[in-house]
Asker: 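Here it is, the structure in full.
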Amino acid sequence: MKKRGAILVEEVLLLLVAIALISAFALTVTGVVKGAVNEILGFRNATNNFLNGLLDAVKQLVGLSK
């Protein structure tokens, strides 16, 4: 039969493992979300740069800008 102190230590260790797993999961989700946001912002910046270049080219073609 186990002593009461041994059971308490086992429960504390299980609690620490559960906290570590939850923390790892939260960090993983945060990293995935951060990566997705960075990809979206990068695509937005690339689109803006493309549209600005296209607009400048049209202006030069029409003769509005030198």
Side-chain angles (χ1 to χ4, degrees):
M1 191 162 108
K2 292 183 178 181
K3 292 187 176 180
R4 188 175 177 132
I7 294 173
L8 179 63
V9 169
E10 185 177 332
E11 289 175 352
V12 169
L13 290 175
L14 286 174
L15 185 61
L16 290 175
V17 168
I19 290 171
L21 288 174
I22 291 170
S23 297
F25 179 73
L27 286 173
T28 302
V29 170
T30 302
V32 168
V33 170
K34 184 178 179 182
V37 168
N38 285 339
E39 290 292 324
I40 291 168
L41 291 177
F43 178 75
R44 179 178 164 228
N45 288 337
T47 305
N48 282 341
N49 291 339
F50 173 75
L51 291 176
N52 287 336
L54 184 62
L55 186 60
D56 289 340
V58 170
K59 283 181 182 178
Q60 285 181 353
L61 185 63
V62 173
L64 296 176
S65 178
K66 293 186 180 183

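Fair warning: this is a prediction, and the values are worked out from it, not measured in the lab.
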Asker: Is the shortest side-chain heavy-atom distance between Val12 and Leu16 below 4.5 Å?
Answerer: yes
Asker: Please walk me through it: do Leu51 and Leu55 pass side-chain contact (heavy atoms from CB on, under 4.5 Å)?
Answerer: CA-CA 6 Å; Leu51 291 176; Leu55 186 60; over 6 Å; no
Asker: Taking side chain as C-beta onward, heavy atoms only, is Gln60 less than 4.5 Å from Asp56?
Answerer: no
Asker: Indicate if Leu21 and Leu13 have the same hydrophobic cluster label, given that clusters are the connected sets of ILVMFWY residues with side-chain heavy-atom separations under 4.5 angstrom.
Answerer: no
Asker: So, taking the atom named CG in Leu14 and the one named CD1 in Ile19, what distance separates them when rounded to the nearest 0.5 Å?
Answerer: 11.0 Å
Asker: Cluster question for you: counting only ILVMFWY and a side-chain heavy-atom cut-off of under 4.5 Å, with indirect links fine, are Val17 and Phe25 together?
Answerer: no
Asker: Could you walk me through whether Arg44 and Ile40 pass the side-chain contact (heavy atoms from CB on, under 4.5 Å) test, one step at a time?
Answerer: CA-CA 6 Å; Arg44 179 178 164 228; Ile40 291 168; 5.5 Å; no
Asker: To the closest 0.5 Å, what do you measure between CZ (Phe43) and OG1 (Thr47)?
Answerer: 3.5 Å
Asker: Between atom CD1 of Ile22 and atom CG of Leu27, what is the distance when rounded to the nearest 0.5 Å?
Answerer: 12.0 Å
